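Have a look at the structure below before the remarks.
Given the structure is predicted, the values throughout are model-derived calculations rather than measurements. When a ligand or atom number is given, it counts from 1 through the structure's own listing order. Reckoned from all heavy atoms, side chains included, excluding hydrogens, waters and symmetry mates.
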Amino acid sequence: MSTSQKIFTLAMVRKTNALLLGLKKKGFGEGKWNGFGGKVEKDETISEGAVRELEEESGLVAKCLTKIGILEFEFVGDPVLFEVHVFDVTQYEGEPVETEEMKPQWFPEDGIPYEKMWPDDILWYPLYLKGIKFRGHFLYQGYDTILNYTLTQMDHL
Ligand SMILES: Cc1cc(-c2ccco2)c2oc(N)nc2c1
């Protein structure tokens, strides 16, 4: 089966015991709280794409990113495979601002609104918050149901 891969970024911005999430106001994932990210353009590296998307969507300029995960998403009946590179951002400049795409809000690590997020998040956030790197593959049916998944701890990414 011919699957095409599309590379996306997801930047998770953290400060002491709190995580910055954005409410997606339109487009893919509308109505869900998520990290900040999007497509990687042809003329940029994956981490350059992550820095660009974070600034476009939140106004924050990442000064240091750490690759912490790779998530693959496929949807029943759709040959496109989403390959999402997840980064942890703890050093950044600026204050988060609402943009056309995203309404940012800080959440305490023990108050993450999983019921208003992608269903995979509740599965890998606990690893992320413990500093464990991961690789996951999720088969979605529609945007709200995971039919099956694998999630593996990785020592290096
Ligand atoms: C299918 C899917 C896509 C993304 C995504 C696209 C761009 C950045 O992330 C997700 O992000 C999360 N947390 N679950 C996700 C599921």
Return the residue, atom name and 0.1 Å-rounded distance of the protein heavy atom closest to atom 4 (C) of ligand 1. Phe73 CE1, 4.1 Å
Can you confirm if the aromatic rings of Trp118 and Tyr149 lie within a centre distance of less than 6.0 Å? no
Establish, yes or no, whether the cationic atom of Lys15 lies under 6.0 Å from the six-membered ring centre of Trp106 and within 45° of the ring axis. yes
Quick test: of every protein heavy atom, which one is nearest to atom 14 (N) of ligand 1, and how far off is it to 0.1 Å? Asp120 OD1, 2.9 Å
Can you tell me if Lys39 has over 12 outside heavy atoms packed within less than 6.0 Å of its NZ? no
Numbered atoms of ligand 1 (with element) below 4.0 Å of Phe28, judged on heavy atoms: 3 (C)
Neighbour count >12 (heavy atoms, 6.0 Å) for atom OH, Tyr114: yes
Between ligand 1 and Tyr140, is the shortest N or O to N or O distance under 3.5 Å? no
Answer yes or no: is there a side-chain heavy-atom contact under 4.5 Å between His137 and Leu151? no
Relative to atom 13 (N) of ligand 1, which among Ile122, Asp121, Val84 owns the nearest non-hydrogen atom? Asp121
Out of Phe75, Tyr143, Phe82, whose heavy atom is nearest to atom 1 (C) of ligand 1? Phe75
Thr9, any N or O under 3.5 Å of ligand 1 N or O: no
May I ask you to list the atoms of ligand 1 that are less than 4.0 angstrom from any heavy atom of Asn34? 9 (O), 10 (C), 11 (O), 12 (C), 13 (N)
My understanding is that only one of Phe73, Phe28, Phe138 makes a ring pair (Phe, Tyr, Trp, His ring centres under 6.0 Å) with Phe82; could you say which? Phe28
Would you say the side chain of Val51 lies within less than 4.5 Å of the side chain of Leu65, judging by non-hydrogen atoms? yes
Under 4.0 Å from one or more heavy atoms of Trp124, ligand 1 contributes atoms 13 (N)
